[in-house]
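Presented below is the structure to which this report refers.
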Amino acid sequence: MIIDILSLFPHYFTGPFDESIIKRAKENGLAEIRLTDIRDFSENRHRKVDDRPYGGGPGMVMMAEPVVNAIRHVKTSEAHVVYLSPQGKVLTAAKSRQLSKEKHLILLCGHYEGIDQRILDLEVDEEISIGDYVLTNGCLAAIVLVDAVLRFVPGVLGHEHAADEDSFENGILDCPHYTRPEVFEGLAVPTVLLGGNHKEIANWRKDQALKKTMNTRPDLLKFIIKD
Ligand code: 4FV
């Protein structure tokens with residue numbers, strides 16, 4: 001998978017993609033992440049990329065020209081252009097799995113108050129939010145999306161089906177996990193997990209996951225109950 005990330009702070013990405021699983025995915029040729037500075041596509045001599053909003057109001061807006069130029073510079077026939085913004089549909093595991101099937105993802109990071117609407121009209125296929133809160137910088141959202149998507153690319157995670165056992169994969173939260181020691185500060189591991197009866201263990205885990213979901217994310221259950 002090729003991922004082009006367009007932003008005003010390409011150095012923002014130094015670090016998150018140079019460690020652990022994402023680093024290995026790049027080394028194994030499962031992912032190629034390319035960083036583009038939108039300012040390099042500004043056609044005015046001051047490399048200006050933002051301007052005041054028509055109609056007044058606070059802050060600045062990203063100009064259409066440098067952004068559209070940058071998108072068209074990296075665009076291929078297989079490209080799927082995603083704009084990260086609070087106005088987008090909130091990212092889910094299902095959407096991450098869907099995006100993991102794309103050959104070429106172009107991620108546009110928002111900055112300032114937002115971008116000129118004509119960029120969306122002309123070049124953006126999809127608008128995605130990582131959550132209902134406002135970040136200082138859209139680069140963070142791109143990092144989250146890249147991480148969530150690459151986990152579904154075959155070969156990126158240690159064992160093949162790890163992502164299939166994730167939270168949300170069956171629409172509910174994950175069950176509690178335990179490892180050695182068997183007793184920690186007086187708290188013992190549930191005996192069912194020590195009994196080796198895989199059926200009993202699976203039932204316990206399902207039951208615990210449902211309880212956790214009911215307590216923490218009852219909103220997830222409405223999808224389950226409906227199906
Ligand atoms: C955001 C989000 C987000 C908005 C103002 C960057 C910021 C600044 N992006 N999901 N939530 N972006 O808050 O994706 O432009």
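Indexing begins at 1, ligand by ligand and atom by atom, following the structure's order. Position 1 is the first residue of the sequence, and the numbers go up from there.
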By side chain to side chain donor-acceptor pair (under 3.5 Å), R72 pairs with (sequence neighbours left out) E123
Heavy-atom cut-off of under 4.0 Å around ligand 1: list whichever protein residues fall inside it, by chain and number.
L84, S85, P86, G110, H111, Y112, I128, S129, I130, G131, Y133, V134, L135, N137, G138, A141
Residues in salt bridge (charged side-chain N to carboxylate O under 4.0 Å, His left out) with D4, at least two apart?
R34
Set of side chain to side chain donor-acceptor pair (under 3.5 Å) partners for E32, sequence neighbours left out:
none
Just verifying a value: how many Å separate I38 CD1 and N69 CG, rounded to the nearest 0.5 Å?
11.0 Å
Below 4.0 angstrom, N of the basic side chain to O of the carboxylate: do K89 and E126 qualify?
no
Please tell me if the side chains of F13 and C139 come closer than 4.5 Å, counting only heavy atoms from C-beta onward.
yes
